[in-house]
Each structure stands twice: as C-alpha cells, then as structure tokens.
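These numbers were taken from a predicted model, which means no experiment stands behind them. Every chain is numbered from 1 and lettered A, B, ... according to where its sequence line falls, protein lines coming before strand lines.
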Amino acid sequence: MKYPFAKSEKKWQNFWEENKIHKTDLTDLEKALYTLVMFIYPSGSKLHIGHWYNYAPTDSWARFKKLKGFNVFEPMGYDAFGLPAENYAIKTGIHPQDSTFKNIDDIRDQLKTMGCMYDWDAELMTCVPEYYKWNQWLFLQMYKKGLAYRKNAPVNWCPSCQTVLANEQVQGDGTCERCSTTVEHKSLTQWFYKITNYADELLDGLKTIEWPEKTKLMQENWIGKSFGTEVTFKVDGHDKEIKVFTTRPDTLFGVTYLVMAPELELVQELTTEEYSEEVNKYIDSIKSLSEIERTSTVKEKTGVPIGAFAINPVNGEKAPIWIADYALATYGTGSVMAVPGHDERDFEFATKFNLPIRNVILQDGTSEEDKLTEAFTEVGTMINSDQFTGERSDTGKANITKWLEEKGLGETKINYRLRDWLISRQRYWGTPIPIIYCDNCGEVPIPEEQLPIELPYDVDFKLDGGSPLASNKEFIHTTCPKCGGSAHRDADTMDTFMDSSWYYLRYLDPNVSEEMFDSKLADDWTPVGMYVGGAEHATMHLLYARFIHKFLRDIGLVNSDEPFQRLIHQGTITNQGAKMSKSKDNVVNPDSFIQEYGSDVFRMYLMFMGPYELGGDWSDKGIVGVDRFVQRAYSLFDSNKDLAKNISAEDKYELNKLSEVEKNTYRKVNQSIAKIEVELEHFRFNTAVAALMELINSLKDIDKCSEEIRLYSLERFAAMLAPLAPHLGEECWSILGKEESIFQQPNWYEADEVALVQDNVTIIVQVNGKVRAKLDLPVDSEEDTVKSTAWGEEKVKHHTADKTVVKEIYVKNKIYNIVVR
RNA sequence: GCCGGGGUGGCGGAAUUGGUAGACGCACUGGACUUAAAAUCCAGUGGGAGGUUUCUCCCGUGCCGGUUCGAGUCCGGCCCUCGGUACCA
C-alpha cells in the first residue's frame, strides 16, 4: 500500500498543534536546550530551497535531541525590516509594511508545511513597535555609556538618482544599478557604535565557544589585532604632526616618503598652493573607486605629492608627503610611512614614481652593495640605521620603539582592523533613531519613557535627495524634550543588523512589554545551545550579536558572556552554480516537491544530498531514491501492523539464544543505532540517512525473525526514522500501537554494546603497498596466524616470487604489508 | 586584492588516528512479474588492456613536486571555483 503522505502529514501537524507537542515549558531547566536557526528575511520570493536546507535538518537535529530527553526550545520569527522591501515599494508602489505583513503570512503557511517543532507562541517580527522600541532603548543605553557617537562617513551616492545606494546596488563597474551613472562617495554625519571598545573581548571570547574553526579564524582576522608602533612625524615648516601606525619600526631609517589617505582632512591643510589643483583633481578621480579596487595589489597604484614634507624622527630627513589610493582612512591613522625597500606595495609605488628605495634590513647572505630587486620583508640585519645598525630586525623593533618613546616621538600601539559599527541608514524601512536635534540644545536623546518613536506610515519613500523620513514633516518637526523649543528628529533609521543582534533573547517571551526581554529566562536559556545559519554571516551578524550580548551583560541584562555556545553553518544551495536570489531570478521554490512527495521526503532528500556544511548545486535527480525509501519504510510497518497487539519486546536479547537471521538482524539494528546516533549528533545527516537505508536493505529477511525480534527492530527503526521524517515517524510509531506522540517521551533507544562486537575482521595483505589479498579472520588473531595465512595466498606468492623481503609492516586487525625487492 | 571554504565514477556523494578508494542513492544495463506498460523485486555497474562460465594486470581522488612500507587524508608550490569584504541579509 502506498504511503498516503498528504493525509498523514496534515494529520500529524494537526495532532502536534492540538496537543501542544511543540510548546516548550521554559521553566523546566533540566536538560534545557535552545536550538535556533537564523530567522527569515520575509521577501516576496517566499521560502526557497535554501531556507528549507537551513531549517529542516536543524529541526531534525532538535527532534533527535528531543527524543534523547532534552527540553528543546525551537522558535521561528521574521527579520522584517530591510532594504529589499523598500526597493520593492519604489518599484511597485506597494508600501513596505503591507508587502512585509503579506509575505510573513505566506511564509508562515509555508513554514507550517515543513513540520518543524517550532513553538509558535514564541513567534516574533522585528518591524513592530513592540520590538523595535527596544532597538531605540538600546541605542539610548549605548549613548549613555558613550558608545554611540556621530562622525562623518562616506556613503555611495548616485548623483543622478540623488540617493544613497547600498553596496549591493553599485554594479561591478562602479555604476548605479538603476541608471548606470558612476557612483560617488559622499560624506555624511552618521551614528556609530563603538564595537572597537570590545575588540579584545570579542577576540578572547572566541576561545570559549564551540564554533567552526574557520568562523573563529575569520572573526579573528576581521578584528585584525596587530602590535606595532605609532610614530610621530613633524611636518616641515608647519605646526601639524602626522602620526603613522607601523608594525615595522625597525625599518624607520628606510622611510623615503609618507602616504596619506586622500580623504583625510589634514591633507587639505598640508597641501601647498602649488599642488592643490593636482591634489583636488586626484581626490575627485578616486571618489568612485571601491575599497577593494583601491587596495588591490594587481591594480597599478596611483598617487600625487602634496608639496609638503615630513621629518623622519630618527634622522631628521625630509620625506615628501603623497596621497595615494592604497592608503585607507579607515585603517590605523590613515597615514603610512613608506619603506619601499621592505614593503611590497611601497616598492611598487616607489618604482613607479621614481622615489628612492633604501636598503635598511640586510637579507642574510647578501651584501649591502647588492641592488634590491624586490622588497625584502623577512627578518635580517639592520643597516644604515645609525646606532641600531648591526641589530637583528626582529629585536630592533622594540629598541627603536623604546628610543622613540624616550624622545616623545612614538609609542607602542595595538591596532585593530575592526572599525566601529556604522548604524545610520538613509532609509525608511527600519528603526527610527531616537535622537532630536534642537535649535538651542543641539543633539538631545529622547527620554526613555517616550519610546517607541514609531515609524510613520506616510512617507514618500521615492523622495530624491536623502532619507525618506524627512518627507514626513509631522514626524520630523517636533519639540525639544529639554527646552520645549523647536527641533527636528534624526531622519535616518538603524542598520537592520541591530534587530538581529538580540532577537534570540526576545523569543523567550516576545510579548514582554516592560523590558527588552525576560532577564530571568535569558539567564536560564542563554547562551543558545545550538545556532545554525549561513557562513555568509561569519563576520558581520555573528560579530555584532556577540558585541550586543556583551553590552547587555555589562548593563546587567544577561549573565552570560556569549550569545551562541555552539554554531553550525549549513552550506549554500546554489542553482546552476549561482547563489539563489530573487534578483538573479534563479530561486527554486520547494512547494511543487512538497505536493508531489511530501515534506518528509523533501527534507530527507535535502539531508541526503551531501554534507550539511557544504551545500551544493541544486538538482532533484535523486529525490525518487528517498521517496522509494519512504515507501519501503511505510510498507515495512504496514505489513507488520498486527504485531504489537499480542506481544511486547524486551530491551535486550542474548545473541546466543537467537537464530542466525535474528542475530544478524539484531546486530544490524544495534549497529545502525550506534552509527546514526553519532552521525546525527554531528549534523552528518547524509550518512545517517544512508545508514537507515542500509538498515532497511538488511531487514529484507525480517519475516524470518520471531515476532519479538520484529517488534524490537521496528520500534527502533521508528525512533531512528522520526527525527529525519517526523510525520512518517509518527505514523510508523502509531502503527506499532503507540498512542502518544513519539516525541512526547524520550523514545531514543540506546544500542546494545554486546551486539556491536564483531566476530571477524578483514585484514588487508599488501605487497609493496598494493592490495594482494583480503583475509577474513577472527578478531585479534595471532600475528603468526595472520602471516602464515597471508603467505598461503596464491597472489601473495606470485608477487613475492624471486624477490627478497626487506621489510614487513603489521598492524593488528588491519593490515599486513610485505615490502620486497 | 585580502580573509575563509571547496575540488573523489556518467551524477549527488562515502571513506575515526595516514592502512581495502567509490558506502548509500540517482542514472544506466540485464533479468523476474505483466497480454503490455508503469510500479515493484533481483543482479550488474570507476577507466583501460588481456583472458572470455571461475580470472589476471595496469591506471585512477583538480595540477606539479615531496614525506612514508603505505597518501583522497600530511607538507610545499600552483590552477579552478564558491562565500565574505563593513549599506543584501
């Protein structure tokens, strides 16, 4: 009989809902396990295969844990603010709020067909005032602690559309995706969070969390802590100074010029009149370059001198000051000392512009007279360096820094690549920033009791020229909370990464209104036990969330140091090699597969496709294989449906009391349990499914087993099936006469260790590393027995004939390699 | 460019510490069942050469080189590809 999946899946979904099977009792803390997936961005393309690939296997893991007796909390929600809804509005005129709510309703329906054990009472969305109020509240706490501040920062500006563009909206050639005009950089005053204050702690905390090594490595590199020296260069004939950060103070005598980032304000002050035209022209010319282009080591570097000279503190030499694309205002001090002899970029630049190249670190085995043909960046002996000449360059670093410190011309310095978090967005669909600008008092934070500052519905988000909120006069014009005078609100909204930095805390009670989240529950349930989401979030979302969590701890709202204890990345499912996205129009919708095969088959196929952390290119080629398996599993139970009426199975059976067929069955069942348990634990779903397929293949002879062994096997099969195919698992469980949901109790079975022990083992016999025989011998056979059996093999004789044995390698129960010559 | 992944049959992939390369599945081929087809079940299936019921040998995990009795696995150097690169989320 064919498995009526459509009827069955609906039946069990209703059963779960009616019996509140997935409602988590958050007061039960014994074996509490918070399992979380990255919440959904509710775009119009609804759920695609990538979402299923994230959620369904994670749910299978959660269900496995549930079967093992954990009190699992698995919520789902919507990351509802963001740019795409706004772009959609600009294109279609449909208001972001309307499209977002509509999308959420559609997506919720889709989610329910997956059959995940989401606790729907915990559902949340970020675009409602009840949620984003707390973004504003958090902003005020940051502000109070001095961690929110304003400074100028560049945005992508399309001069034709008169609007700020996201990086994504800038095409590869640096033009606007709407009108193909070349995009410029424009400086705006914007809000930042001082994440850099937490740089060291964010680095140290990595040691305490169980995340993929690669993710921790990426965060480490992103934070980019480096130890070096800040050197002060005086400017010739000027009272200004230029500070540079260098990790190579030992090369200070090799400085032949200085490079400043073109956008530094100091550049304007230092540029001499003679050079100013050239300098301004140059600054204009690089306005459209991206940072990636500017720092590329294959692109030819550009730059111009500004006419001023810096004085090298160690020898008083005058070095010309240049501005160049490869100096970035965002790293270090924005200025670099150039040592062409010992830095590859400087070497290239100096060669191009005929600037002097001086050798001050002598490579071992070379002579001072040898001309440098490329930058020497390794450790060597310091030369041409006055009193430091003769020192090794690695120890010279500290000495030269000490000398600078004594003269007040430098100091040791730790520098980070990490930059402060720019949270201002010149967009509508986000959280309004709770700041007012008063004509008298200036910048005034809105008092907490006036929160939320609600996002007004009526705006002209097509408005050219700036933030859409500026178009709503009623919203913008307000009175100062301090003096009551005329004032205006900040027209920007917050980066949506704010929303996703604390949602996992809100899930615990999304309806709490007097605080950001239930602090008691947060202490009990965080850090999150298992967090699953894409690796593309490795450095941004996952770093921001860690930062916010630490800040919340510092203001006493949580007691843990990290938000996510364990982390797994699902791989990306591509379509014809490309990441699925609505803009590429290559999104694969799973709905038709659900209709044809059902949720269980589809989610099991996703798990079977390959290693979870790798992902891969989408193809539905093998889905019929999983469907066949599901059909076979169902008929296995269906044909044994009368089994449980008269008997029950023991927990264990003694092997020697079983028939040969029963023994094999019993062994295979227990081996499968042991295998699948380990595989599921480590998110290796593909091999777990394969093991279950192997098991069903070897249950062919189950009819030859006693009823008890049949029941024993089927109960265990149902338990292994249930996490992978939850609806079918329930169906099979109920066929065995069980009345409760399989997930109601800890229904995972432990493997019988006795059944895992093998009698025989295959020993490989090699001659010169090539397999020549395979011996099936009892486990732990004597070395002599193995060797004499091996030498009895025809092929071994053949390949060793007329040769001398020079070496033998014997590994017990594994291999016997004979090396001959 | 920089940071981090990945590359194994016709296809998706498997392979505890270096120790049988190709589990499981798809596709394909042959067979059973059927009037027939579908479905199902059984068998075969990395490539090449020879022997042709049972067999034997060689090659083979992106490329080049190294370490080792033995390398998909470790080391060095490349190539290709994917993710991120601070305003997609």
Side-chain angles (χ1 to χ4, degrees), chain A residues 2 38-41 43 79 81-84 87 155-156 164-170 212-215 217-222 224 290-299 326 330 417-427 495-497 499-500 533-541 543-544 569 571-572 574 577-579 581-583 605 608-611 613-617 619-626 628-629 631-632 635 678 686-687 689-694 697 700 762-771 773-774 795 798 806-809 811 814-819:
Chain A
K2 207 160 155 49
M38 291 181 184
F39 60 174
I40 294 188
Y41 179 76
S43 75
D79 187 12
F81 275 141
L83 179 69
N87 286 340
V155 293
N156 298 312
V164 174
L165 298 178
N167 288 342
E168 199 192 38
Q169 298 174 289
V170 182
E213 285 307 318
K214 61 162 185 172
T215 311
L217 190 56
M218 275 191 270
Q219 289 213 346
E220 195 183 316
N221 293 337
W222 184 264
S290 74
E291 209 160 276
I292 292 171
E293 289 168 318
R294 281 176 56 170
T295 53
S296 167
T297 51
V298 288
K299 187 192 76 70
Y326 76 99
T330 48
R417 216 182 65 91
L418 179 69
R419 315 205 287 247
D420 277 338
W421 177 7
L422 168 61
I423 60 151
S424 295
R425 296 290 181 272
Q426 294 70 43
R427 315 209 178 282
D495 180 4
T496 54
F497 276 125
D499 309 338
S500 53
E536 67 271 21
H537 293 292
T539 46
M540 304 191 69
H541 159 59
L543 195 65
Y544 293 139
H569 296 302
T572 316
T574 53
K579 197 178 164 186
S581 76
K582 210 186 167 188
S583 55
Y605 176 59
F608 186 57
M609 267 173 46
E613 280 156 283
L614 267 186
D617 207 38
S619 159
D620 59 6
K621 260 185 160 180
I623 196 166
V624 290
V626 175
R628 279 175 202 151
F629 166 79
Q631 296 301 336
R632 287 169 70 190
S635 48
V678 174
N686 54 333
T687 45
V689 174
L692 207 55
M693 286 174 168
E694 270 189 73
N697 288 344
K700 266 177 220 157
T762 307
I763 295 170
I764 302 305
V765 183
Q766 299 182 335
V767 178
N768 286 352
K770 289 192 173 166
V771 181
K774 297 172 188 181
K795 283 222 258 176
H798 177 249
V806 282
K807 196 169 182 179
E808 290 174 86
I809 289 97
V811 183
K814 249 186 192 152
I815 199 159
Y816 176 38
N817 188 6
I818 305 160
V819 184

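Using a 4.0 Å heavy-atom criterion, one finds that A:V155 contacts the bases of the nucleic acid, with or without backbone contacts as well. Base contact: A:Q766 has a heavy atom under 4.0 Å from a base atom. Within 4.0 Å of A:W421, counting heavy atoms only, lies no atom of the nucleic acid at all. Contacts of A:T496 with the nucleic acid, taken as non-hydrogen atoms under 4.0 Å apart, involve only primed sugar atoms and P, OP1 or OP2.
Comparing the same atom, P, in B:U40 and in B:G51 gives a spacing of 41 Å after rounding to whole Å. Here, B:G70 and B:C11 have their C1' atoms 31 Å apart, quoted to the whole Å.
Look at B:C88: it lacks any Watson-Crick or wobble partner with both distances under 3.5 angstrom. Using the Watson-Crick or G-U wobble rule with both distances under 3.5 Å, B:C78 pairs with B:G62. B:U56: Watson-Crick or G-U partner is B:A49, with both key distances under 3.5 Å. The pairing partner recorded for B:A43 is B:U29, the criterion being a Watson-Crick or G-U wobble arrangement whose two distances lie under 3.5 angstrom.
A distance of 8.5 Å separates CE of A:M609 from CG of A:D617, quoted to the nearest 0.5 Å. One distance of note links CG of A:D495 with CE of A:M540; it measures 7.0 Å at 0.5 Å rounding.
With 3.5 Å as the limit, one finds a donor-acceptor pair spanning the side chains of A:N697 and A:R632.
Here B:G19 presents its C1' atom at 8 Å from CD1 of A:I764, a figure rounded to the nearest Å. The distance between atom CG of A:D620 and atom P of B:C11, rounded to the nearest whole Å, is 17 Å.
At a cut-off of 3.5 angstrom, the base of B:C87 holds at least one donor-acceptor pair with the side chain of A:Q426. The base of B:C69 lies close enough to the side chain of A:N817 for a donor and an acceptor atom to sit less than 3.5 Å apart.
Ring-plane geometry between A:F497 and A:Y544 is classed as tilted, the angle between the planes lying from 30 to 60 degrees on a 0 to 90 degree scale.
Within the structure, a side-chain polar atom (N or O) of A:R628 is placed less than 4.0 Å from OP1 or OP2 of B:U40. Of the side-chain N and O atoms in A:K2, none sit less than 4.0 angstrom from OP1 or OP2 of B:U40.
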